[in-house]
Structures are given as C-alpha cells and as structure tokens.
Engineer: 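The structure is given below, and queries will be raised subsequently.
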Amino acid sequence: QVQLVASGGGLVQAGGSLRLSCAASGSTLSSYAMGWFRQAPGKEREFVAAIGWSGSRTYYADFVKGRFSIVRDYAKNMVYLQMNSLKAEESAVYYCAGRLGPPVPTRAYDYWGQGTQVTVSS
C-alpha cells in the first residue's frame, strides 16, 4: 500500500512549461507502474502518461506526445511529469496514480494522489 502526493502545479502562460512531482510514502514505488491523469471541471478524468516499474516502458496520450515526458527517480521514490508547450485547454487538476501490474493508458490504477492544479493562461 502506498500514499501518493502530487505537487508542482500552478499558473503558467500558454507555451510555457511545468514539472509536476509525485512523492510516495508507505512503500517504495519500485514495483508499481505509475500514471498521470488530468481532470477539468465537468470532464471525465483522462489519461496523460504512464511508465512501467522498470522505467523503460512509457505510454503517452496522443495529444501530449512530443511535449510531455514521464520519468521516475527510484532513489527519491518519486515520479515526474515534465510538461512543455502547454496549451490553455490543458488547464486541469493533475493526478498521479499507481498500480500493481503493467502500465496501461486507462484509469485502471489502484492508488491515487490528491491532485495538483495546473492553470494555463492564454
């Protein structure tokens, strides 16, 4: 069992960058696949990116491919989402999540953080 805390959100201008962090406690993340999701008001939570337990397998939603990258730091027990060239429509609460199994581009994750707000201004 693991507790996840997402941070790093804030206000950024369109075209700018942010790096979100996901810190884990209660357990190491070494056996977990990790994912990032986002949810805007009135919208369903949608998949953004995922990474396998080894860090070698990654998945990205088509709409972020080439702009976002997901990485993990085993020494710090953290996962990051680097977001570049942000668009105004990507304003949302961003959540980190973990699962015991392979990374998947769906909401089939077992553990969820509280989310961090990202606001992209036009």
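One is the number of the first residue; the rest follow in order along the sequence.
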Engineer: Please check if Leu100 and Val104 belong to a single hydrophobic cluster, counting links between Ile, Leu, Val, Met, Phe, Trp and Tyr side chain heavy atoms closer than 4.5 Å.
Structural biologist: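 Unlinked, Leu100 and Val104 end up in two clusters.
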Engineer: If a pair satisfies salt bridge (Lys or Arg N to Asp or Glu O under 4.0 Å) and one of its residues is in residues 1-29, list it, with sequence neighbours excluded.
Structural biologist: none
Engineer: Under the 3.5 angstrom rule, does the side chain of Tyr32 hit a backbone N or O of Tyr111 as a donor-acceptor pair?
Structural biologist: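 Answer holds: no.
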Engineer: Does Val48 form a side chain to side chain contact (heavy atoms under 4.5 Å, CB included) with Met83? I'd like the steps, not just the answer.
Structural biologist: CA-CA 11 Å; Val48 176; Met83 305 186 294; over 6 Å; no
Engineer: Give a yes or no on whether the backbone of Ala33 and the side-chain of Arg72 come within a donor-acceptor separation of less than 3.5 Å.
Structural biologist: no
Engineer: Does the pair Tyr59 and Phe47 meet the rule for a ring pair (Phe, Tyr, Trp, His ring centres under 6.0 Å), with working shown?
Structural biologist: CA-CA 10 Å; Tyr59 295 90; Phe47 168 79; 7.5 Å; no
Engineer: To the nearest 0.5 Å, tell me how far Met78 CE sits from Met34 CE.
Structural biologist: 10.5 Å
Engineer: Please walk me through it: do Val79 and Trp36 pass side chain to side chain contact (heavy atoms under 4.5 Å, CB included)?
Structural biologist: CA-CA 9 Å; Val79 179; Trp36 283 95; 3.8 Å; yes
Engineer: Can you name the closest pair of heavy atoms from Leu4 and Ala24 and give their distance?
Structural biologist: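 The pair with the smallest heavy-atom distance is CD2-CB, 4.0 Å.
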Engineer: Applying the side-chain contact (heavy atoms from CB on, under 4.5 Å) criterion to Val118, which one of Leu11, Leu18, Val93 satisfies it?
Structural biologist: Leu18
Engineer: Between the side chain of Tyr109 and the main-chain N/O of Pro103, is any donor-acceptor distance below 3.5 Å?
Structural biologist: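 Here the side-chain-to-backbone pair does not exist.
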Engineer: Taking a hydrophobic cluster as the set of Ile, Leu, Val, Met, Phe, Trp and Tyr residues connected by side-chain heavy atoms closer than 4.5 Å, whether directly or through intermediates, do Ile70 and Val2 fall within one such cluster?
Structural biologist: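 Both belong to a single hydrophobic cluster.
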Engineer: With Phe68, which residues qualify under ring pair (Phe, Tyr, Trp, His ring centres under 6.0 Å), at least two apart?
Structural biologist: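 Not a single residue meets the ring pair (Phe, Tyr, Trp, His ring centres under 6.0 Å) criterion with Phe68.
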Engineer: Where do Glu90 and Ser85 come nearest, in terms of heavy atoms and distance?
Structural biologist: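 The pair with the smallest heavy-atom distance is OE1-O, 4.4 Å.
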Engineer: Say whether Ser69 and Gln82, considering side chains only, have a donor N or O and an acceptor N or O under 3.5 Å apart.
Structural biologist: no
Engineer: Taking all atoms of both residues into account, what is the closest heavy-atom pair of Ser17 and Asn84, and its distance?
Structural biologist: OG-OD1, 2.9 Å
Engineer: Check the surroundings of atom CD in Gln3: do more than 12 heavy atoms from other residues, nucleotides or ligands lie under 6.0 Å from it?
Structural biologist: yes
Engineer: Is there a donor-acceptor contact under 3.5 Å from the side chain of Arg45 to the main chain of Phe37?
Structural biologist: no
Engineer: For residues 43-103, which residue pairs pass the disulfide bond (SG atoms under 2.5 Å apart) check, not counting sequence neighbours?
Structural biologist: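 Disulfide bond (SG atoms under 2.5 Å apart) check on residues 43-103 returns Cys22-Cys96.
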Engineer: Do Leu20 and Val120 sit in the same hydrophobic cluster, where Ile, Leu, Val, Met, Phe, Trp and Tyr count as joined when their side-chain heavy atoms come under 4.5 Å apart?
Structural biologist: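 The answer is yes; both residues are in one hydrophobic cluster.
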Engineer: Can you tell me how far the CZ atom of Arg67 sits from the NZ atom of Lys87, to the nearest 0.5 Å?
Structural biologist: 4.5 Å
Engineer: Do Phe63 and Ile51 land in one hydrophobic cluster if side-chain heavy atoms of ILVMFWY residues count as linked below 4.5 Å?
Structural biologist: yes
Engineer: Any cation-pi pair here, Arg38 with Tyr94, using under 6.0 Å and within 45°?
Structural biologist: no
Engineer: List the atom of Ala40, the atom of Ala92, and the distance in Å for their closest heavy-atom pair.
Structural biologist: N-CB, 3.8 Å
